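Worksheet: one structure, shown below.
In this text, all values refer to a predicted model and were calculated from it rather than measured experimentally.
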Amino acid sequence: VAVQADAKIVAGGRFTQMNGHARTNLARLNGDGSLDTAFEFSAAPLLVQGIPIQSYPVRGIAIQPDGRLVIWGESEDTGGASVSVFRIHPDGRLDTSFSPVAWRSKLVRRTLFGLQPDGKLLIGQSLVTSSQKTTSQSLIRLNPDSKLDQGFQAPDVAGYLRLLALQPDGKILLGTTTRFEDLELALSRLHADGTHDATFTAKVQCRGFDFTGSAAAQPDGRILIGGN
């Protein structure tokens, strides 16, 4: 979910109805919880990896300062994971100035996103083998027009990427584990340009089979971590 400046709530997930009205994976509620019938994502039939973008279960929503919404969805099947990223106007219309981005891979285990205040979008992924051992991971940044930001050069981060969060000062927090069965969560931080921040390192004991979690940085610099 994401809350707009006017207190309306944009909700995403995997659904076909919202409050008795037909809605596919994306809807907006008024401040009192009733469905906002003026908002309906009804883009022209646009296929991403052969799938209409409305059909991707929504995994994340971020609201830009200008009110436009960046949506990312992920669909998994026996052939792997398909990930899509697109942007819509506040009324639900597809923003054609942002070319939808998508990719498909049998190795994608987790995809993380973070929207910066300047409209640039961070995308991090872990790629694993069938034996659940990490083979590689990537962290890239897209410009507001969805083109790759060539000026962002993130360093190689060892381990399995679990968390991605943005600090108010623009720095980027990453959380990794070295094993699929999590024993220790290592936190690292990048500067806004992707270079490593050597002043910050932390390790947190988190025991669990699949640490599917999230993190958020408070204005005072403290970090909230949640997960399974």
Side-chain angles (χ1 to χ4, degrees), residues 1-6 8-12 26 48 53 56 58-74 83-90 93-103 108 110-126 137-157 161-176 185-202 212-227:
V1 297
V3 182
Q4 299 182 166
D6 59 4
K8 291 186 177 183
I9 304 165
V10 183
L26 190 65
V48 175
I53 57 176
Y56 280 82
V58 173
R59 302 301 188 195
I61 304 169
I63 301 176
Q64 295 184 173
D66 61 6
R68 288 182 292 182
L69 298 96
V70 177
I71 314 291
W72 51 91
E74 190 169 22
V83 181
S84 68
V85 183
F86 55 93
R87 189 168 64 195
I88 61 176
H89 292 286
R93 291 179 296 114
L94 183 68
D95 181 0
T96 56
S97 68
F98 183 97
S99 299
V101 179
W103 59 94
V108 174
R110 183 147 169 77
T111 305
L112 302 170
F113 297 87
L115 182 66
Q116 299 183 173
D118 59 4
K120 293 186 177 183
L121 182 68
L122 288 163
I123 302 175
Q125 283 192 315
S126 284
Q137 64 180 4
S138 65
L139 181 64
I140 63 172
R141 186 165 67 189
L142 303 181
N143 289 314
D145 60 359
S146 80
K147 293 180 180 178
L148 185 67
D149 182 358
Q150 301 287 354
F152 181 80
Q153 301 293 330
D156 292 333
V157 181
L161 187 61
R162 300 287 187 171
L163 302 174
L164 188 156
L166 297 174
Q167 293 189 173
D169 60 3
K171 292 185 178 181
I172 304 159
L173 290 169
L174 301 177
T176 60
L185 181 70
L187 297 177
S188 59
R189 189 166 63 190
L190 307 179
H191 294 290
D193 61 359
T195 56
H196 182 66
D197 181 359
T199 66
F200 178 91
T201 114
T212 303
S214 60
Q218 298 183 163
D220 62 2
R222 295 182 179 181
I223 302 165
L224 297 170
I225 298 175

Can you list everything that forms a salt bridge (Lys or Arg N to Asp or Glu O under 4.0 Å) with Asp66? Sequence neighbours excluded, please. Arg68
Exactly one candidate in Leu26, Leu115, Ile61 meets side chain to side chain contact (heavy atoms under 4.5 Å, CB included) with Leu69; the answer is Ile61
Is there any salt bridge (Lys or Arg N to Asp or Glu O under 4.0 Å) pair reaching into residues 214-227, and which pairs are they, with sequence neighbours excluded? Asp220-Arg222
About how many Å separate CD of Gln153 and CG of Leu139, when rounded to the nearest 0.5 Å? 11.0 Å
Of all heavy-atom pairs between Pro168 and Pro219, which one has the smallest distance, and what is that distance? CG-CA, 4.1 Å
Is there a side-chain contact between Phe113 and Val85, using heavy atoms and a 4.5 Å cut-off? yes
Minimum heavy-atom distance Pro90-Gly67, with the two atoms named: CG-O, 3.5 Å
Mind checking what makes salt bridge (Lys or Arg N to Asp or Glu O under 4.0 Å) contact with Asp118, not counting sequence neighbours? none
Under a 4.5 Å cut-off applied to non-hydrogen side-chain atoms, are Leu173 and Leu163 in contact? no
Can you list the residues that meet the salt bridge (Lys or Arg N to Asp or Glu O under 4.0 Å) rule with Asp6, with sequence neighbours excluded? none
Value rounded to 0.5 Å, distance of CG in Asp197 from CD in Gln167: 8.0 Å
With Leu122, the side chain to side chain contact (heavy atoms under 4.5 Å, CB included) member among Leu166, Asp149, Leu142: Leu166
Quick check: closest heavy atoms across His196 and His191, and the distance to 0.1 Å? O-CD2, 3.6 Å
Report the distance from atom CD of Gln4 to atom NZ of Lys8, rounding to the nearest 0.5 Å. 7.5 Å
Specify the closest pair of heavy atoms between Leu164 and Gly124, including all atoms of both residues, with the distance to one decimal. CD1-N, 4.3 Å
Smallest heavy-atom separation, Pro144 atom then Phe98 atom, equals O-CD1, 3.2 Å
Going by side-chain contact (heavy atoms from CB on, under 4.5 Å), name the residues that satisfy it together with Ala202, two or more places apart in sequence or in a different chain. Leu187, Phe200
Only counting residues at least two apart or in another chain, list the ones meeting salt bridge (Lys or Arg N to Asp or Glu O under 4.0 Å) with Lys147. none
Identify the heavy atoms of Ala215 and Ala165 that sit nearest to each other, and give their distance. O-CB, 3.4 Å
Atom CH2 in Trp72, atom CG in Leu121: separation rounded to 0.5 Å? 6.0 Å
Residues in side chain to side chain donor-acceptor pair (under 3.5 Å) with Gln150, at least two apart? none
List the residues meeting side-chain contact (heavy atoms from CB on, under 4.5 Å) with Ala192, not counting sequence neighbours, and say none if there are none. none
Not counting sequence neighbours, which residues clear side chain to side chain donor-acceptor pair (under 3.5 Å) with Asp193? List them please. Thr195
Considering residues at least two apart in sequence or located in another chain, which fulfil the side chain to side chain donor-acceptor pair (under 3.5 Å) criterion with Ser97? Arg87, Asp95
Straight-line distance of Arg141 CZ to Leu148 CG, nearest 0.5 Å: 10.0 Å
